[in-house]
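Here you go, one structure.
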Amino acid sequence: MAQVEQHWKGCLRDDSAAVDYLTKRGLDGATAKRFGIGYAPDGWSNILDKYGKSPEAIERLLATGLIIRKDNGKHYDRFRDRIMFPIRDTRGRTIGFGGRTLGDGEPKYLNSPETVLFHKGRVFYGLFEARQALRHIDKLVVVEGYMDVVALARHGIDFSIATLGTATTGDHLNVLFRLTDNVFFCFDGDRAGRAAAWRALENALPQVREGRQIRFVFLPDGHDPDTYVNELGSEAFERALENGMALSDFLIGELASQVDMTTIDGKARLA
């Protein structure tokens, strides 16, 4: 995994289209280096040809999710023509990757599959980098995408992390509350964002106890943390966090919206 990460970092330096894409997204070289960002070139067998020169090597590539086996027994690279984000464990070792298309290809984000190294229900993107940057973690904000984490870090907000294409699990929350008592969930304000927030709330309820604070932050329509911080700056994002909705307000507000609060029957159903 470390060798492939280094290889993709070299590919990024050599590919002007990938560099231009990141520059347009507001990313600088220092942040790209800190997060180990790379580029997987287009082509079906770049990694396979370079690192799969023996049956044992091919098995290692399969076991770490870097290649896929076809029905006919042949193999091909999982990640092609994507910006690559290494996902690191608590010791900084690369255990998986996330890849984002440069254009409008589907899926926009592609993660490593579950492997012997990588269990997405327990891992956050950016947590290792946050712990490296902060001696004391006062709060953590959970966002949805790699680019959100990277953009916030470039603006000095080093306490953001992302789940990896999965809802926030109980295991995730155990990790968070070992590090801090203040957790923020930051989502887009659209219906999908609210649905994701509700799933996070359902998993968070068993973890809520005295001293722990969970807040929900919904950004204006058309914004995610990446666009918000690039357009309005870090102070505006910090203000949005401060104005976030307490878990209890979000819970009661969402449930109340499903009943008729003007009737006794509706109030009874809410209770």
Side-chain angles (χ1 to χ4, degrees), residues 12 17-39 83-88 98 100-104 108-109 124-165 168 172 176 179-197 200 213-247 249-250:
L12 175 62
V19 171
D20 287 349
Y21 171 82
L22 290 174
T23 306
K24 280 194 190 109
R25 295 292 300 264
L27 198 66
D28 60 359
T31 309
K33 184 177 177 186
R34 180 181 156 200
F35 283 88
I37 294 170
Y39 170 66
I83 300 292
M84 298 307 299
F85 300 84
I87 300 159
R88 293 167 171 152
R100 193 205 187 282
T101 58
L102 275 74
D104 300 324
K108 186 160 80 169
Y109 285 105
F124 288 101
Y125 176 73
L127 185 57
F128 173 75
E129 289 81 1
R131 293 181 74 176
Q132 291 291 102
L134 302 167
R135 285 180 62 186
H136 170 69
I137 295 180
D138 174 55
K139 58 181 175 270
L140 286 166
V141 56
V142 181
V143 295
E144 289 189 272
Y146 316 106
M147 283 302 295
D148 295 327
V149 172
V150 172
L152 289 167
R154 191 179 83 75
H155 285 83
I157 295 172
D158 289 316
F159 49 85
S160 81
I161 55 180
T163 54
L164 298 156
T168 308
H172 278 136
L176 294 180
L179 296 169
T180 182
D181 284 332
N182 299 300
V183 174
F184 295 77
F185 289 101
C186 183
F187 295 103
D188 304 354
D190 60 14
R191 192 163 19 153
R194 291 193 89 84
Q213 194 175 40
I214 297 175
R215 298 184 85 82
F216 292 86
V217 180
F218 295 103
L219 296 177
D221 265 1
H223 272 299
D224 55 28
D226 172 17
T227 61
Y228 194 85
V229 77
N230 278 320
E231 210 171 290
L232 300 169
S234 56
E235 286 180 17
F237 185 78
E238 296 248 27
R239 271 200 306 279
L241 294 184
E242 284 166 25
N243 296 329
M245 195 182 293
L247 181 140
D249 291 335
F250 179 48

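Computed from a predicted structure; not experimentally measured.
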>> Determine whether Leu140 and Phe184 satisfy the following criterion, side chain to side chain contact (heavy atoms under 4.5 Å, CB included), listing intermediate values before the conclusion.
In response: CA-CA 6 Å; Leu140 286 166; Phe184 295 77; over 6 Å; no

> If every non-hydrogen atom of Val149 is compared with every non-hydrogen atom of Gly126, which pair is closest and at what distance?
Replying inline: CG1-CA, 4.2 Å

> When rounded to the nearest 0.5 angstrom, what is the spacing between CZ in Arg135 and CD1 in Ile137?
Replying inline: 13.0 Å

> To the nearest 0.5 Å, how far apart are CZ in Phe35 and CD in Glu129?
Replying inline: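 Atom-to-atom, Phe35:CZ and Glu129:CD are 5.0 Å apart.
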
>> Please find the pair of heavy atoms, one from Arg34 and one from Ala153, that lie closest to each other, and give the distance.
In response: NH1-CB, 3.8 Å

>> Using the side chain to side chain contact (heavy atoms under 4.5 Å, CB included) definition, which of the options Val143, Val229, Ile161 pairs with Asp148?
In response: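 When side chain to side chain contact (heavy atoms under 4.5 Å, CB included) is applied between Asp148 and each of Val143, Val229, Ile161, only Val143 qualifies.
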
>> Can you tell me how far apart CG (Asn182) and CD (Gln213) are? Round to the nearest 0.5 Å.
In response: 5.5 Å

>> Can you confirm if the NZ or CZ of Arg194 lies within 45° of the ring axis of Phe218 and under 6.0 Å from the centre of its six-membered ring?
In response: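 Flagged: Arg194 positioned over aromatic ring of Phe218.
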
>> When you compare the side chains of Thr227 and Asp224, does any donor N or O come within less than 3.5 Å of an acceptor on the partner?
In response: yes

>> Could you walk me through whether Thr180 and Asp138 satisfy the side chain to side chain contact (heavy atoms under 4.5 Å, CB included) test, starting with their C-alpha distance in whole Å, then the side-chain angles of each, then the deciding distance to 0.1 Å, before giving a yes or no?
In response: CA-CA 6 Å; Thr180 182; Asp138 174 55; 5.6 Å; no

> Taking atom CZ of Phe128 and atom CD1 of Ile87, what is their separation to the nearest 0.5 Å?
Replying inline: 14.5 Å

>> Using only atom types and a distance under 3.5 Å, with no angle test, would you say the side chain of Arg25 pairs donor to acceptor with the backbone of Met147?
In response: no

>> Restricting to non-hydrogen atoms, name the atom on Phe187 and the atom on Ala200 that form the minimum distance, rounded to 0.1 Å.
In response: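 Looking at all heavy atoms of both residues, the shortest contact is CZ-CB, 4.4 Å.
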
>> Does the plane of the ring in His172 sit parallel, tilted or perpendicular to the ring in Phe124? Use 30° and 60° as the thresholds.
In response: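 The rings of His172 and Phe124 sit tilted, inter-plane angle from 30° to 60°.
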
>> Which heavy atom of Pro220 sits nearest to which heavy atom of Tyr228, and what is that distance?
In response: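 Taking Pro220 first and Tyr228 second, the nearest heavy atoms are CD-CE1, 3.7 Å.
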
>> Apply side chain to side chain contact (heavy atoms under 4.5 Å, CB included) to residues Glu144 and Asp188 and explain how you reach the verdict.
In response: CA-CA 9 Å; Glu144 289 189 272; Asp188 304 354; 4.2 Å; yes

> To the nearest 0.5 Å, what is the distance between CD1 (Ile37) and CG (Leu12)?
Replying inline: 8.0 Å

> Is it true that a side-chain atom of Arg215 and a backbone atom of Gly244 form a donor plus acceptor pair closer than 3.5 Å?
Replying inline: yes

>> Please report the interatomic distance CG(Leu241) to NZ(Lys139), rounded to the nearest 0.5 Å.
In response: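 Leu241 atom CG to Lys139 atom NZ measures 7.0 Å (nearest 0.5 Å).
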
> What class does the angle between the rings of Phe250 and Phe216 fall in, given that below 30° is parallel, 30 to 60° is tilted and above 60° is perpendicular?
Replying inline: tilted

> Do the side chains of Thr101 and Tyr21 get nearer than 4.5 Å, heavy atoms only?
Replying inline: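 In short, these two side chains do not touch, never coming nearer than 4.5 Å.
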
> How far apart are the closest heavy atoms of Asn230 and Ala151, and which atoms are they?
Replying inline: ND2-CB, 4.2 Å

> How close do Leu219 and Pro225 get, heavy atom to heavy atom, and via which atoms?
Replying inline: CD1-N, 3.4 Å

>> Set out, in order, the CA-CA distance, both residues' side-chain angles and the distance that settles side chain to side chain contact (heavy atoms under 4.5 Å, CB included) for Phe237 and Cys186, then state yes or no.
In response: CA-CA 10 Å; Phe237 185 78; Cys186 183; 3.9 Å; yes

